Amino acid sequence: MLTSHKRIYAVVKRIPRGRVATYGQVAALAGFPRHARLAGYALHALREDRDPAVPWHRVINAQGRISLGEFDGADLQRELLEAEGVLFQSNGRVDLARFGWKKFKHG
DNA sequence: CGCATGACCTACG
DNA sequence: TCGTAGGCCATGC
């Protein structure tokens, strides 16, 4: 497992239950600003790293959408989020202003 | 090193 | 809403 991945996972583990974070936000908090793809790649590698302690389902793109295909776990990700209280809008998106992981804001 | 691809982001039309 | 373009980095060939 790469060090950069470990840092990404460490940040993802800090995402509170019932909240979601974007790839760019995770990358930035991990110390890799402007490297959203790195976060995406790290989570992709998580399939093989297999660390159940990483709440990968709480990471979505900046548009509040799931960046996974149907056969890649998108359905599972949505179920896990809904199970935590994260609501999906009729357009299939998550209101980041409401469920986004705002570290510097007391929601 | 070059090239293509990917669980990305922002901007523009 | 969708497509295009530029910018990032890791992985595989």
Side-chain angles (χ1 to χ4, degrees):
Chain A
M1 190 188 301
L2 300 179
T3 303
S4 58
H5 287 188
K6 292 183 66 176
R7 290 195 65 89
I8 296 293
Y9 300 154
V11 173
V12 175
K13 289 179 182 178
R14 290 171 52 194
I15 302 175
R17 182 177 178 283
R19 295 286 174 78
V20 296
T22 67
Y23 294 94
Q25 184 174 16
V26 170
L29 291 175
F32 306 101
R34 309 304 180 190
H35 295 207
R37 297 196 73 160
L38 181 60
Y41 205 90
L43 294 182
H44 176 73
L46 185 61
R47 287 169 164 276
E48 297 182 355
D49 291 340
R50 303 192 178 178
D51 187 344
V54 180
W56 57 270
H57 57 279
R58 293 177 191 154
V59 184
I60 59 180
N61 61 31
Q63 299 179 346
R65 287 180 153 288
I66 294 176
S67 295
L68 287 168
E70 295 181 34
F71 301 95
D72 294 319
D75 197 31
L76 173 62
Q77 180 168 13
R78 175 166 178 158
E79 289 181 11
L80 290 173
L81 288 177
E82 291 181 331
E84 295 185 350
V86 178
L87 303 178
F88 280 76
Q89 298 172 149
S90 58
N91 55 15
R93 281 181 289 184
V94 175
D95 186 356
L96 292 178
R98 192 166 125 99
F99 299 105
W101 183 26
K102 319 178 197 58
K103 183 180 180 182
F104 303 103
K105 186 175 183 180
H106 49 82

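Just so it is clear: chains get the letters A, B, ... in the order the sequence lines come, proteins before strands, and each one is counted from 1. Please read all numbers here as calculations on a predicted model, not as lab measurements. Computed from heavy atoms alone, side chains included, the values below leave out hydrogens, waters and symmetry copies.
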Participant: Could you tell me the separation between the CZ atom of Arg34(A) and the P atom of dT10(B), rounded to a whole number of Å?
Facilitator: 8 Å

Participant: Thr22(A) side chain: which of dC9(C), dC9(B), dG6(B) is closest?
Facilitator: dC9(B)

Participant: Has the side chain of Asp49(A) got a donor or acceptor atom that lies under 3.5 Å from a matching backbone atom of Asp51(A)?
Facilitator: no

Participant: Between Arg65(A) and Ala36(A), who's closer to the 5' end of DNA chain C by nearest nucleotide?
Facilitator: Arg65(A)

Participant: Pick from Val11(A), Leu38(A), Leu43(A): which one makes a side-chain contact (heavy atoms from CB on, under 4.5 Å) with Val26(A)?
Facilitator: Val11(A)

Participant: In whole Å, what is the span from the CD1 atom of Ile8(A) to the P atom of dT11(C)?
Facilitator: 12 Å

Participant: Distance check needed: dA10(C) P versus Arg47(A) CZ, whole Å only.
Facilitator: 21 Å

Participant: Distance-only, no hydrogens or angles: does the Gln77(A) side chain make a donor-acceptor pair with backbone N or O of Val59(A) under 3.5 Å?
Facilitator: yes

Participant: His5(A) NE2 to dG6(B) P: how many Å, rounded?
Facilitator: 17 Å

Participant: Does Tyr9(A) use its side chain to pair, donor to acceptor, with the backbone of Ala53(A) at less than 3.5 Å?
Facilitator: no

Participant: Rounded to the nearest Å, what distance is computed from the CG atom of residue Leu38(A) to the P atom of nucleotide dC9(B)?
Facilitator: 13 Å

Participant: Rounding to a whole Å, what distance do you find between Leu43(A):CG and dC9(C):P?
Facilitator: 18 Å

Participant: When rounded to the nearest Å, what value does the distance between P atoms of dG7(C) and dA7(B) take?
Facilitator: 23 Å

Participant: For dT1(C), take OP1 and OP2 only and decide whether either is under 4.0 Å from a side-chain N or O of Arg93(A).
Facilitator: yes

Participant: Using a heavy-atom cut-off of 4.0 Å across all strands, would you classify Asp72(A) as base, sugar-phosphate, or nothing?
Facilitator: nothing

Participant: Send over the distance from His44(A) NE2 to dT5(B) P, rounded to a whole Å.
Facilitator: 15 Å

Participant: Can you measure Leu81(A) atom CG to dA7(B) atom P for me and round it to whole angstrom units?
Facilitator: 18 Å

Participant: Picking from dT1(C), dG6(B), dA7(B), which would you name as closest to the side chain of Trp56(A)?
Facilitator: dA7(B)

Participant: Has His35(A) got a side-chain N or O lying under 4.0 Å from the OP1 or OP2 atom of dC9(C)?
Facilitator: yes

Participant: Select from Gly24(A) and Arg37(A) the residue whose nearest nucleotide in DNA chain B is closer to the 5' end of that strand.
Facilitator: Arg37(A)

Participant: Could you tell me whether the side chain of Arg7(A) and the main chain of Ala30(A) form a donor-acceptor pair under 3.5 Å?
Facilitator: yes

